[in-house]
Amino acid sequence: MNELKKWILNNIDMKILALIMAIILWFYISSEYNISAERYYDIEVFPVNLRPDLSIKDIRNQVSVGIEGPKNILENTSAQKISGTVDLSNIVDPGEYYVNVKTALPKNTELVKIIPNEVRINIEKITEKNIVVGYNLIGLPERGFSLEDEPTISPIDVKVIGPESALNKISKAIIDIDISSIKDDFFSEEEIIIYNESNEIVKNLQIEPKKVIASIKVGEGYPEKFLSIKPRIVGKPAPDYFITNIEANPSEIEVYGNYSKIANVDFLETIPIDVNGISRTLTVKIAPVIGEGIYLTEEQDSLIEVKIQVEEKEEEVLFEGIKIITKEASPFVDYQIKPEIVDIKIKGKISDIKNINAEEIKAFADLSDLEKEIVLVEVEAPAGIDIIEIIPQETYITIKK
């Protein structure tokens with residue numbers, strides 16, 4: 001008993017101080033725990049329970065959540081510790097919906113507000129579409145060998161399943177076939193890649209089947225093909241001139257080469273032909289531009305004769321107030337014509353038109369038959385000029401008594 005008393009009394013002042021500090025710390029921690037605070041967090045919203053035949057086209061996937069609770073808990077809480085969901089189990093048809101957000105909060109906290117408390121979501125159907133499978137050839141067969149025909153793909157079309165909006169943007173289904181250094185017939189199983197209208201790969205689609213079989217026949221030598229010639233024109237003719245016809249002779253040439261090189265080539269362009277400033281027919285002999293892996297046959301001339309024809313532009317001009325000249329009228333009859341003037345629209349090459357004046361345009365009325373009350377107006381113009389319109393086309397004859 002004495003030893004216990006002695007232990008208690010030993011350093012009694014320090015022990016009392018420690019006890020007081022422990023009590024103060026306990027009260028501090030308790031008060032901090034009980035202080036209530038409010039804080040907002042931006043959290044992600046996840047859709048749940050969507051029917052398998054529907055898909056989400058668009059959703060607002062973030063909301064602001066206000067929660068209330070002890071200050072020390074909120075200080076240790078992050079947005080990642082708060083989950084938000086929207087239950088889509090009641091949605092059975094495509095369309096736009098507003099769905100309440102549900103949250104799971106940390107312990108000892110309460111929900112104050114969700115902004116917004118419901119989110120807009122667009123739902124669309126999961127549909128399917130059949131697409132023909134195309135191909136890209138990668139590499140070249142071994143030297144001296146070539147594809148005898150285009151690859152055979154089996155099956156040629158596949159079923160693509162996915163959201164309606166994604167399927168509507170699909171442009172093609174492609175497989176890549178590596179034919180590098182092959183010299184024998186072969187087949188390979190290739191995975192299908194789906195591309196949209198922007199030539200971007202579309203993912204998250206179900207493809208049935210996912211892979212197709214590509215069969216290729218290979219033989220020695222190279223296939224031949226006739227390709228049309230397209231002259232490549234650069235520059236512009238002289239002012240007031242335009243190109244009326246471009247003729248290539250021969251219009252097509254025979255080439256040979258690896259099938260993978262010539263299969264999708266339908267024409268060859270020529271080296272650029274400069275027509276800048278020309279005002280008459282230009283004839284040149286020029287070579288076609290032949291890509292790598294394509295060759296001219298031995299019988300084929302390596303130069304193409306190209307004839308480029310140009311003509312001067314035409315222009316329309318209206319001459320107003322041209323006096324009508326009467327002819328074949330009897331000198332013993334007093335008459336009057338009305339109207340006495342006409343407007344005449346002409347057309348011709350610009351170089352001819354710009355030098356014509358009103359005096360060179362003649363309008364006539366034939367009065368040899370005065371029993372007629374109406375006479376057609378006739379017009380004469382310089383050579384090379386066409387009469388487009390006479391306004392008016394008739395004049396009236398009045399006999400004075």
Side-chain angles (χ1 to χ4, degrees), residues 228-252 267 269-270 272-284 286 304-401:
S228 60
I229 296 297
K230 286 191 175 182
R232 183 182 173 192
I233 306 300
V234 295
K236 294 181 179 180
D240 301 331
Y241 284 82
F242 66 100
I243 295 174
T244 58
N245 187 48
I246 300 174
E247 182 181 333
N249 184 27
S251 60
E252 61 179 17
F267 65 89
E269 286 190 332
T270 65
I273 304 171
D274 188 0
V275 299
N276 201 45
I278 67 172
S279 58
R280 59 183 179 179
T281 298
L282 174 66
T283 302
V284 295
I286 200 160
I304 307 297
E305 183 178 270
V306 179
K307 181 184 290 186
I308 303 163
Q309 295 176 311
V310 295
E311 286 186 10
E312 189 176 0
K313 294 178 182 177
E314 293 186 322
E315 189 175 69
E316 292 184 1
V317 176
L318 179 66
F319 287 94
E320 298 178 305
I322 302 296
K323 183 175 178 60
I324 300 174
I325 302 171
T326 58
K327 62 180 181 177
E328 305 296 334
S330 172
F332 305 108
V333 178
D334 191 8
Y335 62 88
Q336 182 180 9
I337 62 171
K338 192 173 183 181
E340 297 180 339
I341 60 173
V342 291
D343 297 337
I344 300 172
K345 183 182 290 186
I346 64 172
K347 180 180 180 181
K349 294 180 178 179
I350 293 177
S351 59
D352 293 333
I353 287 287
K354 66 183 180 182
N355 294 319
I356 292 179
N357 54 51
E359 288 74 20
E360 296 179 86
I361 308 298
K362 307 294 184 181
F364 299 94
D366 186 352
L367 305 186
S368 58
D369 186 357
L370 291 176
E371 292 183 1
K372 294 182 178 178
E373 294 182 356
I374 302 174
V375 177
L376 289 175
V377 178
E378 302 173 15
V379 174
E380 290 182 1
I385 300 301
D386 296 324
I387 308 301
I388 302 300
E389 189 176 7
I390 305 169
I391 310 169
Q393 291 183 320
E394 301 168 337
T395 185
Y396 293 84
I397 305 172
T398 301
I399 304 297
K400 296 181 180 179
K401 296 181 179 179

Minimum heavy-atom distance Val377-Ala363, with the two atoms named
CG1-CB, 4.1 Å
Taking all non-hydrogen atoms of both residues into account, name the closest pair between Ala248 and Ile304 and its distance.
CB-CG2, 4.0 Å
Suppose we screen for side chain to side chain donor-acceptor pair (under 3.5 Å). Which residues come up paired with Asp274, at least two apart in sequence or across chains?
none
Glu360 CD to Asn355 CG distance, which is reported to the nearest 0.5 Å
8.5 Å
Give me the atom names and distance for the closest heavy-atom approach of Pro237 to Ile243.
CG-CG1, 3.8 Å
Please tabulate, one pair per line, all N/O donor-acceptor pairs under 3.5 Å involving side-chain atoms of residues 308-327, not counting sequence neighbours.
{"unit_1": "Gln309", "atom_1": "OE1", "unit_2": "Asn245", "atom_2": "ND2", "d": "3.3"}
{"unit_1": "Glu312", "atom_1": "OE1", "unit_2": "Ser351", "atom_2": "OG", "d": "2.9"}
{"unit_1": "Glu312", "atom_1": "OE2", "unit_2": "Ser351", "atom_2": "N", "d": "2.7"}
{"unit_1": "Glu312", "atom_1": "OE2", "unit_2": "Ser351", "atom_2": "OG", "d": "2.9"}
{"unit_1": "Thr326", "atom_1": "OG1", "unit_2": "Tyr335", "atom_2": "OH", "d": "3.2"}

OG1 on Thr283 to CG on Asn249, rounded to 0.5 Å
10.5 Å
Throw together a table of side-chain donor-acceptor distances under 3.5 angstrom for residues 391-399, partners on residues two or more places apart or in other chains.
{"unit_1": "Thr395", "atom_1": "OG1", "unit_2": "Lys338", "atom_2": "N", "d": "3.4"}
{"unit_1": "Thr395", "atom_1": "OG1", "unit_2": "Lys338", "atom_2": "O", "d": "3.3"}
{"unit_1": "Thr395", "atom_1": "OG1", "unit_2": "Pro339", "atom_2": "O", "d": "2.9"}

Mind listing the closest non-hydrogen atom pair of Val234 and Pro272 along with its distance?
CG1-CB, 4.1 Å
Checking the side chain of Thr270 only, and the main-chain atoms of Arg232 only, is there a donor and an acceptor separated by less than 3.5 Å?
yes
Closest approach of Ile387 and Ala381, non-hydrogen atoms and distance?
CD1-CB, 3.7 Å
Can you measure from CD1 (Ile233) to CG (Leu282) and round to the nearest 0.5 angstrom?
8.0 Å
Any Pro382 side-chain heavy atom under 4.5 Å of Asp352 side chain:
no
Between CD1 of Ile344 and CD1 of Ile385, what distance do you get to the nearest 0.5 Å?
12.5 Å
Pairwise distance NZ(Lys362) to CD(Glu380) - rounded to 0.5 angstrom
9.0 Å
Would Ile337 and Val375 satisfy side chain to side chain contact (heavy atoms under 4.5 Å, CB included), going step by step from the backbone distance to the final call?
CA-CA 9 Å; Ile337 62 171; Val375 177; over 6 Å; no
To the nearest 0.5 Å, what is the distance between CD1 on Ile286 and CD on Glu305?
12.0 Å
